[in-house]
Amino acid sequence: MPVSPSTYLYSSVVVGLAQVLDALVLAKFKGRIGAIATSFSLAEYLWAGVSFFVWRDAQPPFPLWLPVSFVAYVAAFAAAGLVLAAMHRGELKPIPNHLVAAGGVFGAYFCATSLFYAAGA
């Protein structure tokens, strides 16, 4: 495992909070992508890589579905981004409100669930 289970869980709390913050920033700026959103996205891709290796190497009773859910979230949002980019070729469009909200809700879930498991670890 690239990080200890407790390190992953506590770090995931921070990642979840960052996702909520990212959603709030995107909502404030009406979905326009700027340096902050781009930085958050890069951090999510990096954390998805960490999550993949944690999932691959972790042993029960670690909640294996937690890193899997993060990898699935990043993959789904990457696919949504590709679809939006294909639909609006060459145009810089803001992120739709429903995707901003979904990202914030996922971040809240990820933060709360990670904190729940970290408290018991």
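Position 1 is the first residue of the sequence; numbering continues from there.
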| field | Pair Tyr8 and Trp47, ring centroids less than 6.0 Å apart | value | yes
| query | What distance separates Phe29 CZ from Ile95 CD1, expressed to the nearest 0.5 Å? | reply | 13.0 Å
| Any side-chain heavy-atom pair from Gln19 and Tyr73 closer than 4.5 angstrom? | yes
| request: Please report the closest heavy-atom contact between Val20 and Gly104, naming both atoms and the distance. | output: CG2-O, 3.6 Å
| How about Val50 and Ser11: do any of their side-chain heavy atoms sit closer than 4.5 Å? | no
| Any side-chain heavy-atom pair of Thr113 and Trp65 under 4.5 Å | yes
| request: Apply side-chain contact (heavy atoms from CB on, under 4.5 Å) to Ser39 and list each qualifying residue two or more places apart in sequence or on a separate chain. | output: none
| Taking atom CG of Leu26 and atom OG of Ser41, what is their separation to the nearest 0.5 Å? | 7.5 Å
| note | Smallest heavy-atom separation, Val100 atom then Ala23 atom, equals CG1-O, 3.4 Å
| CA sep, side-chain torsions, deciding dist, call: Trp55, Leu66, side chain to side chain contact (heavy atoms under 4.5 Å, CB included) | CA-CA 8 Å; Trp55 164 71; Leu66 188 63; over 6 Å; no
| task | Grab the two heavy atoms, one from Ala48 and one from Val71, that are nearest each other, plus how far apart they are. | result | O-CG2, 3.5 Å
| query | Which heavy atom of Ser51 sits nearest a heavy atom of Pro67, and at what distance? | reply | O-CB, 3.3 Å
| query | Quick one: side chain to side chain donor-acceptor pair (under 3.5 Å) pairs with a partner in residues 20-31, sequence neighbours left out? | reply | none
| message | Less than 4.5 Å apart, side chain to side chain, heavy atoms only: is that true for Leu9 and Phe62? | response | yes
| Donor on one side chain, acceptor on other, Ser69 and Tyr109, under 3.5 Å | yes
| query | How long is the gap from CG on Asp57 to CZ on Phe52, to the nearest 0.5 Å? | reply | 9.0 Å
| task | Give the intermediate values and the outcome of side chain to side chain contact (heavy atoms under 4.5 Å, CB included) for residues Val15 and Phe70. | result | CA-CA 10 Å; Val15 169; Phe70 194 83; 3.8 Å; yes
| query | What heavy-atom pair brings Tyr10 and Ala118 nearest, and what distance separates the two atoms? | reply | OH-O, 3.4 Å
